[in-house]
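Below: one structure, written as structure tokens.
Just so it is clear: chains get the letters A, B, ... in the order the sequence lines come, proteins before strands, and each one is counted from 1.
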Amino acid sequence: MNEEDVKKKVKLYIQEADLYQSQGLLNEAKETYLSAGKLVKKHESVLKNKNLLKMISKKLQALKGKIDRVENEPETVNLPKNVQDIIKNKFAFSQNDDTGALEGAIALAKFGQFEAALGEFNELINRDSIRVEAAKNIIRCHKALDTIDDAVAVYQEWFDSDFFTPDQLNKLRVFFQGILDGQGIDIKLSEKPDIAKPPLNDAAESEAETPEIADSELDEEEIIDISSVGITLNEGPKKGETIEYDVSFQAGSVINLLISSDDKAFMETLRTGVMLNEVQFYSPIAMFNGRAVVSSKSEIESGPKQGYYSLDIKVVSIL
Amino acid sequence: MANINLKKREIECKIVYYGPGRCGKTTNLEYIFKTFRKQAIGEMVSANTEGDRTLFFDFLPLGLGKIKGYDVRLQLYTVPGQVKYSSTRKMVLREVDGLVFVADSIKVRRKANIESLRDLHQNLKEYGLSIAKVPLVMQHNKRDLGKQGIPLLPVEQMERDLNRQLKVPFFPASAIKGQGVGDTLKTCIKLTLQSMKKQLGW
Ligand SMILES: Nc1nc2c(ncn2[C@@H]2O[C@H](COP(=O)(O)OP(=O)(O)OP(=O)(O)O)[C@@H](O)[C@H]2O)c(=O)[nH]1
Ligand SMILES: [Mg+2]
């Protein structure tokens, strides 16, 4: 190639890269600038214009800044009210008013709108059919917001006020204590003396109360609250090991886990659709084994849990 | 599944624009909002990052007026195309009635198109839906860039990559200029309503 040919080709590359950049295709832009740079280097001897390389590297520098910014972008975690309203109203699919409202509030939490979700759940605990579920979600939201102390205070209010029946309160206590213990937080929740708590070795019995669940027809309603899960790996370098994770959210049979990005190798084995054949589910009152399928996986981009993976697994069967 | 209110004689259906990051889904909705103002029964709502990438979804409600005595409403959504937002994409896809797959004609996005279609296939499957049965229209977007000397995938190649087995209607388009946007949407609405009629005996 003579000087003119090289210059023309380089110019085309740069135009192309500029366009990719304007389209937000930043990695494609980077590759194309790099190709332009390589071409200049290769034909350095025929090029009189020594500024070309400098110009390209300047463009690359600016682009890298942009890529960094996009990657570390603090994504507006608090969405405006109109967007939150759509989430609340359009991501609730149940025909039943109460469960629909609960679904809407859970959707807010799933979209990371914990403050708004908390507001909803605080309303929803006034509805009889879903008050315990709403209360559990209040605790979950506080956990996600790292305001467990507030949850403890709220629990104490419930405890002092007779807002819940002793039986409901006991359910909440067992649920919440499980979370506290799971996080290694040394707080013992107040307990009504007159309620007999299920002794630990009654676990098998309380499980027997729920009807046998066949492999294929797992009833969403039948899944009890799971506070943590142990996953036994059947591939990868840690094959055979069981790793335990806290549950961050649960909606019926779908359980959301937050997994530290240190476990990268492990996460790579957890592709969507992968069946986990050996899973231990821990609830505050029982431990049981079962199978679950990975239903989705994504990386958390901002907020206190940045860098973590958010993993949804769906309980397929309980043994 | 679409929401039918027999009493109020209202039907609400959900159409989702799917496709790889930066392929032009939001641009499609923006153009629709601009040109079909009269049909819009609410504002277009977007949840973006600073870099204009869709963070959660875009939403645009349209009214089609009365069809067979029913007030038919459409909810258009886009998903966030970036690979990392996979759980959001799945949430937005829930109870979808019709789909537009927007593919990027830029040559270097060939793999991203194919992967996004595969992701759609997988997510539908997890909701018990088959990509071969859901009302689906393809759009090969950004055709205008060929004139600017940007290497584009020939339409035939994109059809081979994405539509060889599905054989759904497809439209070359330039969402930014509005070319092909209306035809894409109209065809998707037609397919969606046809499928609803079949399912509901409506
Ligand atoms: N030249 C040209 N540019 C387009 C066209 N459609 C979209 N763009 C540009 O492509 C870029 C991305 O468009 P968006 O509509 O934001 O893409 P998206 O699919 O919503 O992207 P995500 O939200 O990240 O998934 C923007 O800079 C648009 O202006 C088109 O038909 N022609
Ligand atoms: Mg978008």
Side-chain angles (χ1 to χ4, degrees), chain A residues 11-13 15-20 22-29 31-32 66-67 69-71 73-77 79-87 89-93 95 103 107 110-113 254 256 271-273 293-302 309-312 314, chain B residues 1 3 5 12 14 20-24 26-27 42-53 55-61 75 77 80-95 104 106-109 112 118-119 121-123 125-127 142 145 148-151 176:
Chain A
K11 210 177 132 203
L12 271 176
Y13 268 139
Q15 268 176 6
E16 194 180 325
D18 285 350
L19 182 115
Y20 293 158
S22 75
Q23 297 247 326
L25 295 168
L26 304 183
N27 290 318
E28 285 79 359
E31 289 305 315
T32 313
K66 215 167 167 181
I67 291 177
R69 247 172 300 148
V70 167
E71 277 172 2
E73 210 162 35
E75 274 143 23
T76 34
V77 168
L79 294 171
K81 174 114 185 2
N82 59 345
V83 183
Q84 289 184 343
D85 283 346
I86 287 169
I87 294 175
N89 298 321
K90 302 292 181 192
F91 289 79
F93 298 94
Q95 299 289 336
E103 269 184 6
K110 281 196 168 170
F111 281 108
Q113 308 300 297
V254 178
N256 178 257
R271 293 169 303 271
T272 308
V293 63
V294 176
S295 57
S296 79
K297 163 170 112 175
S298 57
E299 214 174 321
I300 296 180
E301 295 299 311
S302 64
Y309 287 92
S310 165
L311 185 80
D312 279 349
K314 185 170 166 46
Chain B
M1 251 283 266
N3 229 330
N5 188 326
E12 209 171 56
K14 176 169 178 176
R22 322 308 293 142
C23 68
T26 298
T27 309
E43 290 296 308
M44 173 168 165
V45 167
S46 299
N48 289 337
T49 68
E50 265 176 74
D52 271 356
R53 292 159 162 77
L55 183 54
F56 294 127
F57 54 81
D58 301 296
F59 172 77
L60 174 60
Q75 300 179 349
Y77 286 89
Q82 291 187 81
V83 175
K84 61 188 179 192
Y85 296 131
S86 93
S87 58
T88 304
R89 266 197 299 284
K90 192 168 166 196
M91 271 197 268
V92 175
L93 204 57
R94 186 160 165 194
E95 309 228 337
D104 197 324
I106 297 179
K107 199 165 182 184
V108 291
R109 296 299 280 167
R118 195 177 300 146
D119 176 63
H121 175 86
Q122 180 65 30
N123 279 332
K125 210 162 95 186
E126 283 167 28
Y127 282 129
K142 305 192 188 172
L145 286 177
Q148 295 191 40
I150 301 301
I176 208 153

Which value, rounded to the nearest 0.5 Å, describes the distance between B:Met91 atom CE and A:Asp312 atom CG?
-> 7.5 Å
Tell me, for A:Phe91 versus chain B, whether the close heavy atoms (under 4.5 Å) come from the side chain, the backbone, both or neither.
-> side chain
Nearest 0.5 Å please: distance from the CZ atom of B:Phe56 over to the NZ atom of A:Lys110.
-> 13.0 Å
Are the side chains of A:Lys90 and B:Glu12 in touch, meaning some heavy atoms are under 4.5 Å apart?
-> yes
Got B:Glu43 and A:Asn82 here, is their nearest side-chain heavy-atom distance under 4.5 Å?
-> no
Selection from B:Lys14, B:Lys142, B:Gln148, B:Arg109 maximising heavy-atom pairs under 4.5 Å formed with chain A | B:Arg109
Just wondering, do B:Pro151 and A:Glu16 contact through their side chains at under 4.5 Å, heavy atoms?
-> yes
Proximity breakdown for A:Lys66 and chain B, heavy-atom pairs closer than 4.5 Å | neither
Quick one: is the NZ or CZ of B:Lys107 closer than 6.0 Å to the six-membered ring centre of A:Tyr20, and within 45° of its axis?
-> no
side-chain contact (heavy atoms from CB on, under 4.5 Å) between A:Thr272 and B:Lys90: does it pass, once the steps are laid out?
-> CA-CA 11 Å; A:Thr272 308; B:Lys90 192 168 166 196; over 6 Å; no
To the nearest 0.5 Å, how far apart are OG in A:Ser296 and CZ in B:Arg89?
-> 10.0 Å
Let me see the working for A:Leu25 and B:Ile106 under side-chain contact (heavy atoms from CB on, under 4.5 Å), right down to the final yes or no.
-> CA-CA 10 Å; A:Leu25 295 168; B:Ile106 297 179; 3.7 Å; yes
Closest non-hydrogen atoms of A:Val83 and B:Phe57, given as atom of the first, atom of the second and distance, are CG1-CZ, 4.1 Å
In terms of heavy-atom proximity below 4.5 Å to chain B, should A:Gln23 be classed as side chain, backbone, both, or neither?
-> both
Engaged part of A:Glu31 at the chain B interface, taking heavy atoms whose separation is under 4.5 Å | neither
Can you tell which part of B:Val92 gets under 4.5 Å to a heavy atom of chain A, answering side chain, backbone, both or neither?
-> both
How about B:Arg94: does its CZ atom have over 12 heavy atoms from other parts shown lying under 6.0 Å from it?
-> yes
